[in-house]
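Numbered from 1 within each chain, the chains take letters A, B, ... in sequence-line order. Side chains are part of it too, since the values below use all heavy atoms of this structure and drop only hydrogens, waters and symmetry mates. Not measured: the values here are computed from a predicted model.
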2 protein chains.
Amino acid sequence: MLDKLEYLIALSREQHFGRAAETCGVTQPTLSAGIKQLEETLGVLLVQRGSRFIGFTAEGERTLDWARRIVGDSRAMREEINALRHGLTGQLRIAAIPTALAMVAQLTTPYRARHPDVRFTIWSRTSIEILTLMENLEIDAGLTYLDNEPLGRVNAVPLYQERYQLLTAADAPLGNRERVTWKEVGHVPLCLLTPDMQNRRIIDGLLRAAGGDVQPTLESDSMILLFAHVRTGRWASVMPARLAETLGLTATIRAIPIVEPEAVHTIGLVVPPREPLTPLAAALVAEAKRLAATLDT
Amino acid sequence: MLDKLEYLIALSREQHFGRAAETCGVTQPTLSAGIKQLEETLGVLLVQRGSRFIGFTAEGERTLDWARRIVGDSRAMREEINALRHGLTGQLRIAAIPTALAMVAQLTTPYRARHPDVRFTIWSRTSIEILTLMENLEIDAGLTYLDNEPLGRVNAVPLYQERYQLLTAADAPLGNRERVTWKEVGHVPLCLLTPDMQNRRIIDGLLRAAGGDVQPTLESDSMILLFAHVRTGRWASVMPARLAETLGLTATIRAIPIVEPEAVHTIGLVVPPREPLTPLAAALVAEAKRLAATLDT
DNA sequence: TACCACGATTGAAATTTTCTATCGTGGCGA
DNA sequence: TCGCCACGATAGAAAATTTCAATCGTGGTA
């Protein structure tokens, strides 16, 4: 039964019987039969059947909710019992938005000092993908915006405030300023994240509100790539203050606060709304609270 | 896996491998192997092994908690999906303390009017047994005291206040009074519930506080039996006001309020702290809230 | 000391699960 | 319009697992 529920979750993730079967490590007929058996025991159709996967029925969606919860709880049970015997071990899966990636090290480093047997896997993902991954039990925690676009069903721990700076060469236009306005930034050719990133949508909004138009010269989903371009001294970008500090400024590259308005967004840790949390996730939340205290103001 | 967790719950209920197996509809070796397999997948001992069942290990108790939750959720899933298709059907299992049994009809009658396909099973149990039954997923709801002795992990809906009256023949000692004190009641030979009932412990406490000693002439776990004795005109008892009304007073039997102090205890519906509730339980909670509104004050 | 209750163990039988191979269907491009 | 292709369903054989009846071993008890 539990494995059938896993099949259902995989199917919702992959939207495809064959691929779902593969991720579960079984063949396609096995997964098909599993879903059909679920349908029989529940007495309802769960999947809209055509010649290919179309979607779930209303009952299927509801069952999916329960499946996520039940499967999640059974994994949490295993993890907790294991932790009772062997302390915190295993793998912690985290996804973070690109602008928060640098902050992850502030969490993982003290975490590892306390719990050396935990291994980490960290993905760079959009805020929307983070929520989907969390729904589907593919990550244990996420680092994302808490206050801008709607959050799904998660518990959140605020970590720090994201403030925006223009990153540019000192000898470029605006390079000598102590502060610049969003309107001014709108007239500079920029390297920005791609529009599927919430950070980009925030910056777009701020630029438009200042009456400017958004004309990025270069887009990427990688902050490293953006930063590398800025480093050449020939490009400019908009980055959160903390990230710019972490990446390291040189004599020739300046980070200039952007005002009018001095926009601020909250970044935080999100974890599944499970009670109790898995031990690994609970320890991460504890770490996040400690970190938040040191970052305050 | 799910069935193994059911075995664990059954074992905690029966404290005996053979009986637990029987209630699960399998043989004893099957249940033994199931528990052992659980122990292997979790990598810990769950049961203290002697030549017979001794108890669970700490890890076993923790696993039991998870098992109750996971098994409860999977049943709730089945029930909810079934309700989506066929409306509310199936069986609602309720346990009530004896003094609240008469009130059950106030819940079941309107419930059945709304949902005619639901069948009821109702047990008379002590307040402690009700909590145990709920823990072990053997009942869907209970009717018990909310305010006197510690309640377990449940959600509660207050229903009504229990006030105490002396039930006695009009021509017996105290039979002509408008009110009597607990001290006076302490001097009358009484029919009371057995001491495993919380109602009895409450009355004991009140009698002792009034300086009297508790000397029941007759004890039973059945309110019907107590009432039948009172009906003969030769015995007296202490009953909640509402129950006395429901059982029906005759010209010769009077219900006399007991004061000093005018003790009051809250009775309510308790349901498992599951979110969401099963549809059957949720409907009962709705009914209880309606009833509570009509009973107010 | 002998018995008894209880849970573990064993080995065979039954059931369930899983796989490979193949079928049928609907969509899509030539 | 036809033919191909991707996808999920189906069938049947093989493998894995679960379950059971029978029996054993161990403590506790008379």
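Look at A/Glu6 and A/Arg75 and you find a salt bridge, because one of the NZ, NE, NH1 or NH2 atoms lies within 4.0 Å of a carboxylate O, short of that distance. Using a cutoff of 4.0 Å between basic side-chain nitrogens and carboxylate oxygens, A/Arg13 and A/Glu135 are not scored as salt-bridged. Taking 4.0 Å as the cut-off between side-chain N and carboxylate O, A/Glu39 and A/Arg49 count as a salt-bridged pair.
At C/dT18, none of the side-chain N or O atoms of A/Thr27 fall inside 4.0 Å of OP1 or OP2 (strictly under the cut-off). Checking the phosphate oxygens (OP1, OP2) of C/dG27, no side-chain nitrogen or oxygen of A/Arg52 falls inside 4.0 Å. At C/dA8, one or more side-chain N or O atoms of B/Arg49 fall inside 4.0 Å of OP1 or OP2 (strictly under the cut-off).
Here the shortest heavy-atom pairing between A/Ala100 and A/Ile267 reads CB-CG2, 4.1 Å. Minimum heavy-atom separation, B/Ala10 to B/Thr23: CB-OG1, 3.9 Å.
Toward the 5' end of DNA chain C, the nearer of the two residues A/Pro29 and B/Pro29, judged by each one's closest nucleotide, is B/Pro29.
Under a cut-off of 6.0 angstrom, the local environment of CD in A/Glu14 is crowded, with over 12 non-hydrogen atoms contributed by other residues, nucleotides or ligands.
The distance between atom CD of A/Gln28 and atom P of C/dA21, rounded to the nearest whole Å, is 14 Å. Put simply, CD on A/Gln48 is 18 Å from P on D/dC7, counting in whole angstrom units. The distance from atom CG of B/Leu2 to atom P of D/dT18 is 13 Å, rounded to the nearest whole Å. Summarising the geometry, the separation between CD on A/Glu6 and P on C/dT18 is reported as 12 Å, rounded to the nearest angstrom.
Contacts between residues 10-23 of chain B and DNA chain C, defined by a heavy-atom separation under 4.0 Å, are made by B/His16, B/Phe17, B/Gly18. For residues 31-45 of chain B, proximity to DNA chain C is found at B/Ser32, B/Lys36, defined as any non-hydrogen atom under 4.0 angstrom from a strand atom.
Side-chain atoms of B/Glu80 do not come within 3.5 Å of backbone N or O of B/Met77 as any donor-acceptor pair. At distances below 3.5 Å, not a single donor-acceptor pair connects side-chain atoms of B/Gln37 with backbone N or O atoms of B/Lys4.
With sequence neighbours excluded, the residues that form a side-chain hydrogen bond (donor to acceptor under 3.5 Å, both in side chains) with B/Arg201 are B/Glu149.
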